[in-house]
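Every chain is numbered from 1 and lettered A, B, ... according to where its sequence line falls, protein lines coming before strand lines. Only heavy atoms go into these numbers, but all of them, side chains included; no hydrogens, no water, no symmetry mates.
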Amino acid sequence: MEKTYQPQAIEQSWYNTWEERGYFKPQGGDNAYSIMIPPPNVTGNLHMGHGFNNAVMDAMIRYHRMRGDDTLWQMGTDHAGIATQMVVERQLAAEGISRHDLGREKFLEKVWQWKEQSGGNITRQLRRLGSSLDWSRERFTMDDGLSDAVKEAFVRLHDDGLIYRGKRLVNWDPKLHTAISDVEVENHDEKGFMWHLRYPLADGATTAEGKTYLVVATTRPETMLGDTAVAVHPDDERYASLIGKEIELPLVGRRIPIVADDYVEREFGTGCVKITPAHDFNDYEVGKRHGMNLINVLDKSAAILAAAQVFNIDGSHNDQVDTTLPAAYAGMDRYVARKQIVADLEAAGLLDKIDDHALKVPRGDRSGVVIEPWLTDQWYVSTKPLAEPAIKAVEDGDISFVPKQYENMYFSWMRDIQDWCISRQLWWGHRIPAWYDEAGKVYVGRNEAEVRSKHQLDESVVLQQDNDVLDTWFSSGLWTFSTLGWPEQTEFLKKFHPSDLLVTGFDIIFFWVARMIMMTMHLVKDENGNAQIPFKTVYVHGLVRDSQGQKMSKSKGNVLDPLDIIDGIDLETLVQKRTTGLMRPKDAAKIEKQTRKEFPDGIESFGTDALRLTFCSLASTGRDIKFDMGRVEGYRNFCNKMWNATRYVLMNTEGEDCDQDDSGNYELSLADRWIISRLQQAEQTFTESLENYRLDLATQAFNEFFKNEYCDWYLELSKPILWDDNASTAQKKGTRRTLIRVLEATLRLAHPLIPFITEEIWQRIKPLTGATGDTIMLATYPIADSSKLDPAASADIEWLKGVIEGIRTIRGEMNIAPGKHIPLFMQHGNDNDQRLLNDNRQYLQKLANIESIEWLEPDSEAPTSATALVGKLEILVPMAGLIDVAAERARLNKEVERLAKDHERTAGKLQNPKFTDKAPAEVVAKEQQKLEDINAALVTLREQLETLAQL
RNA sequence: ACGACCGUAGCUCAGUUGGUUAGAGCACUACCUUGACAUGGUAGGGGUCGGUGGUUCGAAUCCACUCGGUCGUACCA
């Protein structure tokens with residue numbers, strides 16, 4: 001074996017081997033276990049979130065696969081409507097072509113071409129993480145099967161009265177010309193203004209103060225063209241007499257009423273609010289309460305219309321209201337119009353004042369432009385009826401969240417769920433299966449032929465399919481079952497649905513998790529006709545943040561690419577990567593500076609296993625994690641330790657009889673029995689931790705066992721036997737057998753977390769272990785065997801450790817070279833101590849570099865020594881020529897001081913009758929024992945100090 | 001403003017139902033190239049567990065208040 005661990009040399013080739021040999025396919029026993037991957041965006045690139053959730057999912061998948069379950073990790077990607085369309089549009093734009101030049105059909109061909117060429121990026125990257133996904137069943141939300149599922153779902157929901165079309169306010173992106181969802185809107189703090197406008201009262205009315213106008217405050221003066229009322233608080237005495245009177249809307253000349261609504265805050269501004277139901281979500285609600293019209297004054301690009309469009313609150317067309325708008329603003333962009341309108345109001349003496357005002361501005365995350373609440377015809381899913389069973393499924397525990405507190409988040413959202421706008425004005429996506437006749441009547445069906453036959457429409461009726469596509473989340477909502485072949489009742493659907501585990505971030509509980517639950521429960525039934533859930537457990541993980549706790553983002557330039565941690569990256573390349581393609585190029589200098597400061601030498605290559613171990617170690621309670629590169633390095637070093645421990649084991653077992661043929665005739669030493677016992681405990685803890693989704697505790701248990709027990713102690717304890725010419729063949733065989741078999745079991749135990757190094761080592765040691773099988777991936781998962789627990793061996797080893805540590809402490813603090821062989825005395829021990837000495841003399845001499853050990857009778861004179869205590873047993877290192885008296889006294893004094901403090905605390909407790917009366921007897925007994933031990937130790941140490949004082 | 005979560009060593013994090021001297025990794029100090037490993041070993045230093053008050057024989061752990069941080073919803077014209 002190479003002298004150091006080199007992940008680059010092993011990881012990719014093992015992955016290729018696994019995939020080629022079909023190990024990722026379901027192939028276990030009767031018990032099915034499945035996870036559906038949250039479909040990554042096909043335009044996407046790997047980020048730390050993927051790294052994190054794949055580490056978790058793959059750990060669970062590999063664990064269950066090794067447990068013998070029929071295990072499916074379903075792979076697939078989603079088509080990411082807007083993102084993909086924009087990528088291809090950008091490409092076309094470089095050639096000077098717009099999608100409209102091409103037309104819909106041709107454009108979609110281009111998108112598919114792009115997908116074939118570039119859509120595999122993310123899937124290649126996921127392979128680098130070691131994820132054991134079933135690639136043979138990979139799906140894509142736009143493939144034929146999933147598209148059929150989408151149509152089927154749409155039609156069924158429509159037939160069940162749960163999908164409808166309506167005119168509503170939506171988040172409209174005036175650049176991309178589509179509705180977008182709330183998650184695609186980012187609210188930024190920006191500086192703006194509050195314009196105070198004077199709205200003249202009609203019919204000579206005056207305010208209580210005698211003014212002929214009301215002052216309304218607004219951040220969006222241009223929307224005043226669409227005002228339908230001014231609202232005041234019903235209890236506001238200042239305006240009580242004006243309620244029901246009218247305003248003459250400036251510039252427009254339309255009359256609008258003054259209404260009372262308790263939405264208005266009396267204290268804010270002037271207490272008068274202009275109401276524009278067609279351009280503001282809050283105003284829309286006010287408008288609904290007062291039966292106002294919706295007056296839309298903006299076109300799809302957010303420019304002012306030549307004439308307003310007026311609708312009744314139910315969305316129907318209204319031809320009663322005058323649609324005249326001032327001609328001067330027609331065609332002006334909203335911000336140009338804003339300037340002009342303010343200027344015109346000022347000229348008319350209607351501008352009261354302008355204040356600075358900080359506000360949240362909603363911007364489209366793709367386009368960066370300010371989102372406009374805009375009135376459009378859209379398709380909606382009626383969510384209330386779907387939410388009810390979905391809430392119940394979680395209440396009843398059919399679905400549970402880990403950690404549990406996320407259930408509250410789920411409930412609170414589901415309780416006031418809004419109808420879901422599912423249409424998008426894009427070309428790339430699932431086209432809505434609805435057709436219109438020339439009169440505008442809509443028919444829904446799986447295809448045009450079905451629509452015609454269902455509604456008896458012959459060829460003479462011209463049908464036109466809806467131009468819009470469905471929200472990408474609509475197809476994602478079907479993910480757990482559409483990927484398994486629904487609406488066909490496939491074997492896979494029967495076997496693997498409901499899935500077992502969903503691993504996802506809390507930020508999409510609403511947008512994805514909740515919708516999956518609703519869609520699945522409505523559409524998928526079991527044999528008994530009962531609603532099926534999509535998954536039993538939702539594991540919610542936190543966000544991966546940078547080392548400062550900042551959210552990682554391209555614009556902050558603090559993004560880490562998991563592949564750069566795996567492969568390493570030099571500083572210049574990293575700087576370049578972080579500073580290209582920025583939304584604001586002027587940030588480049590700052591980002592460069594901060595990158596050079598944080599990674600002066602770039603990033604080392606740590607390998608996938610170290611990265612995965614880091615994610616697992618941080619995966620505790622669903623909280624955000626600050627990514628710490630130091631930890632990756634630590635785990636890389638840990639892998640190196642595994643590598644080198646293996647070299648030691650191989651060095652001592654290759655070509656030897658390790659009982660690989662199960663011939664027996666071996667003898668287990670104390671150390672062998674102890675490490676085997678300890679292994680059972682590690683297996684127990686590790687498995688329990690996995691079952692509870694505490695990968696951090698599993699990681700900890702593994703490290704603790706492998707490094708602190710197996711490497712630090714067991715390997716050392718094996719040396720005195722293996723290197724002892726007098727040791728018997730049976731003893732050596734027993735030790736070799738234990739060395740190799742414990743290592744082998746440990747590899748299987750840890751394989752779900754660190755697949756590559758465990759496979760590499762397993763293959764190398766396999767012939768010596770008697771293990772069979774072609775891969776550790778499909779080897780049996782270790783299960784703790786309580787019959788192998790050996791408390792007696794553990795107690796003996798604890799004694800041995802205590803003695804050795806006592807000697808090492810003396811050496812360390814007294815500056816005795818570790819290699820110097822020293823004599824040792826023991827005194828005042830009991831029979832057990834004496835037995836232990838006799839049994840373990842050889843271990844002690846070898847591990848503590850002792851030249852001789854002498855057991856002193858209680859009454860015999862001991863040489864002046866440095867002392868360590870193991871229980872009552874005194875470990876004496878003679879000082880002659882080795883130890884400075886003053887130093888030893890200082891050391892003992894420190895120890896006495898510590899014990900004295902402890903004594904005081906413990907004695908105090910025991911003297912307190914409240915404690916002795918009320919505390920459980922075993923706790924009291926424990927304290928008593930402790931006090932005795934402290935007393936004994938103090939007596940011994942003080943005697944020693946006396947002795948030293950007399951020198 | 002409301003709700004959730006968090007605050008433990010210089011840094012990143014554990015700490016199960018209250019019960020020895022509050023742990024790990026990284027960083028730090030000293031010593032050590034010894035026949036698996038310097039991507040290492042051994043020993044060591046470092047914490048009044050954000051603060052205050054309470055419950056309790058006993059609180060990092062439970063309760064109340066408070067300060068600070070993160071996130072979500074509402075932050076409104």
In whole Å, what is the span from the CZ atom of A:R545 to the P atom of B:C71?
5 Å
Could you please name the option among B:G40, B:U70, B:G44 that lies closest to any side-chain atom of A:N637?
B:G40
For this output row, return yes or no: ring centroids of A:F52 and A:F615 closer than 6.0 angstrom.
yes
Counting only side-chain nitrogens and oxygens, does A:K930 get under 4.0 Å of the OP1 or OP2 atom of B:U20?
no
Are B:G58 and A:F915 stacked, with the base six-membered ring and the side-chain ring centres under 5.5 Å apart and planes under 30°?
no
Between A:E716 and A:Q6, just flag the one whose closest nucleotide in RNA chain B comes earlier from the 5' side.
A:E716
Within the pair A:K719 and B:U34, is there a side-chain N or O less than 4.0 Å away from OP1 or OP2?
no
Does B:G35 have a Watson-Crick or wobble partner in any strand here, with both distances under 3.5 angstrom, and which is it?
none
Presence of salt bridge, A:K274 and A:D227, under 4.0 angstrom:
yes
Paired to B:A30 by Watson-Crick or G-U wobble criteria (both distances under 3.5 Å) is B:U42
Only pairs with both distances under 3.5 Å count, Watson-Crick or wobble alike; so what is the partner of B:U17 in this structure?
none
Which one is paired to B:G25, where only Watson-Crick or G-U wobble pairs with both distances under 3.5 angstrom count?
B:C11
I need the CZ-P distance between A:F193 and B:A77, as an integer number of Å.
15 Å
pair_partner(B:A4), Watson-Crick or wobble, both distances < 3.5 Å, evaluates to B:U70
Check whether the ring centres of A:W413 and A:F411 lie less than 6.0 Å apart, and answer yes or no.
no
